[in-house]
Protein chains: 2
Amino acid sequence: MATVVDTAQRILDVAERLVQTRGYNGFSYADIAEALGVTKASLHYHFPSKGDLGKQLIERYERNFLAALARIDTQSADARQRLRRYAAIYGDVLKDDRMCLCGMLAAEFGTLPEPMRIDMRHFFDVNERWIAGVLEQGKREKKLKFTGTGVDAARALVGGLEGAMMIARSYGEPARFKAAADRLLADLGV
Amino acid sequence: MATVVDTAQRILDVAERLVQTRGYNGFSYADIAEALGVTKASLHYHFPSKGDLGKQLIERYERNFLAALARIDTQSADARQRLRRYAAIYGDVLKDDRMCLCGMLAAEFGTLPEPMRIDMRHFFDVNERWIAGVLEQGKREKKLKFTGTGVDAARALVGGLEGAMMIARSYGEPARFKAAADRLLADLGV
DNA sequence: GTCTATAGGTGGATAGAC
DNA sequence: GTCTATCCACCTATAGAC
């Protein structure tokens, strides 16, 4: 049985927001310790090294993301509606003043430990696969249109959403993201 | 008269590559000093603080970028060709294993000193303006197609290129960028 | 302009008491 | 599990000699 609110999860909650707002190289154990009112040493009990923390951060983020995609699958049958809801996830993250965790880590790729790199790419892999599936479904049902493979179109969509999100955040204008996302979706027939 | 090879420029050259590969929070004066065979102290003579260095880095990057756009303007009259050459600039940066300097800084926005934030946004402002101009030219000449304003379409293009670049670099696959870029251009009628 | 030397701070991480 | 205390490497930055 877990504690009332599991300590490791609370650490991950704070660390997640820190990475999404300041980046993996932009926060320290001291930041988390201060936010939770504990010492740095006790954080090391739960996550021995920063690399361990980072890796678990990505894995939890992917699990939560996949759960959100599963909800879309069960609640929305229409391909166009599924894509709209997919893009809305990004928009909600941005309205909370955050970048996508993995978009952030992609920028910091050059300094990440290998285990984090692998997990980060896996996040994009599963995202692309899910989108590609929706795109192909939409094409079969003649509700979506795109040239080339579903995977290629999916990659362009993910890249477009991540980039638009990153720039919109620098301007503090979530509307910039919305405009770009709507355009990307429109090009797919949404 | 400048030295044979101006020291400040050589510092900026090394720092530029470091930011583009490791990020602003991912390099130190020690890295530059080692690469140039000088001490950290002498770097501070040329750039008193890291914020000064970062700011001058962006300003030089924007000047060089604008010069490249000016070359496109004089050498290519066709709107479609101009966009292809614009996207090719990004592709060349990526093939050199670098991210766009300002795309990198956009990710690190949360930790940047205000002067760098201002310069970074200015880079995107001038990029968007240039693209918007090309898009509107192409629309008048009935060679390009897009809905809404040229600025909105320009923003979606910049975001799409930056995001695709960032992810392609994480996979070490420049081809991923090329595929996404071609798709973004195709949606504009290129 | 570049050097040596160093200040003053923060980084991640560990040992051992409670 | 959390604490105090501490280590050592690294960070940005400065003073002052050459």
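Keep in mind that the numbers below use all heavy atoms, side chains included, and drop hydrogens, waters and symmetry copies. Letters A, B, ... mirror the listed sequences (proteins, then strands); counts begin at 1.
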Spacing between [X] atom [atom1] and [N] atom [atom2], to the nearest angstrom:
{"X": "B:K40", "N": "D:dT12", "atom1": "NZ", "atom2": "P", "result": "8 Å"}
{"X": "A:F27", "N": "C:dT10", "atom1": "CZ", "atom2": "P", "result": "17 Å"}
{"X": "A:L43", "N": "C:dA13", "atom1": "CG", "atom2": "P", "result": "11 Å"}
{"X": "A:E34", "N": "C:dG11", "atom1": "CD", "atom2": "C1'", "result": "15 Å"}
{"X": "B:Y29", "N": "D:dC10", "atom1": "OH", "atom2": "C1'", "result": "16 Å"}
{"X": "B:D31", "N": "D:dC10", "atom1": "CG", "atom2": "C1'", "result": "11 Å"}
{"X": "A:N25", "N": "D:dC11", "atom1": "CG", "atom2": "P", "result": "12 Å"}
{"X": "A:H46", "N": "D:dT2", "atom1": "NE2", "atom2": "C1'", "result": "8 Å"}

Within the structure shown, what part of the strands sits under 4.0 Å from [X] by heavy-atom distance: base, sugar-phosphate, or nothing?
{"X": "B:Y45", "result": "base"}
{"X": "B:T39", "result": "base"}
{"X": "A:F47", "result": "nothing"}

Is A:E34 atom CD crowded by more than 12 heavy atoms from other residues, nucleotides or ligands, each under 6.0 Å away?
->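 Counting neighbours around CD of A:E34, 12 or fewer heavy atoms of other residues, nucleotides or ligands fall under 6.0 Å, so no.
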
Less than 4.0 angstrom from a charged side-chain N to a carboxylate O is my criterion; do [X] and [Y] meet it?
{"X": "A:K55", "Y": "A:E59", "result": "yes"}
{"X": "A:D182", "Y": "A:K178", "result": "yes"}
{"X": "B:D78", "Y": "B:K143", "result": "yes"}
{"X": "B:K95", "Y": "B:E173", "result": "no"}

On the nucleotide [N], are OP1 or OP2 found under 4.0 Å from the side-chain N or O atoms that [X] carries?
{"X": "A:H44", "N": "C:dA15", "answer": "no"}
{"X": "B:S28", "N": "D:dC11", "answer": "yes"}
{"X": "B:S42", "N": "C:dC3", "answer": "yes"}

Relative to each other, are the rings of A:Y29 and A:H44 parallel, tilted or perpendicular (30° and 60° limits)?
->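 Parallel, since the angle between the ring planes stays under 30°.
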
Atom pairs under 3.5 Å, N or O on each side, protein against nucleotides 15-18 of chain D: can you list them with distances?
none

Of the nucleotides D:dA13, C:dA13, D:dC11, which one has an atom closest to the side chain of B:S49?
-> D:dA13

Where the side chain of A:Y24 meets the backbone of A:K50, is there a donor-acceptor pair that is under 3.5 Å apart?
-> yes

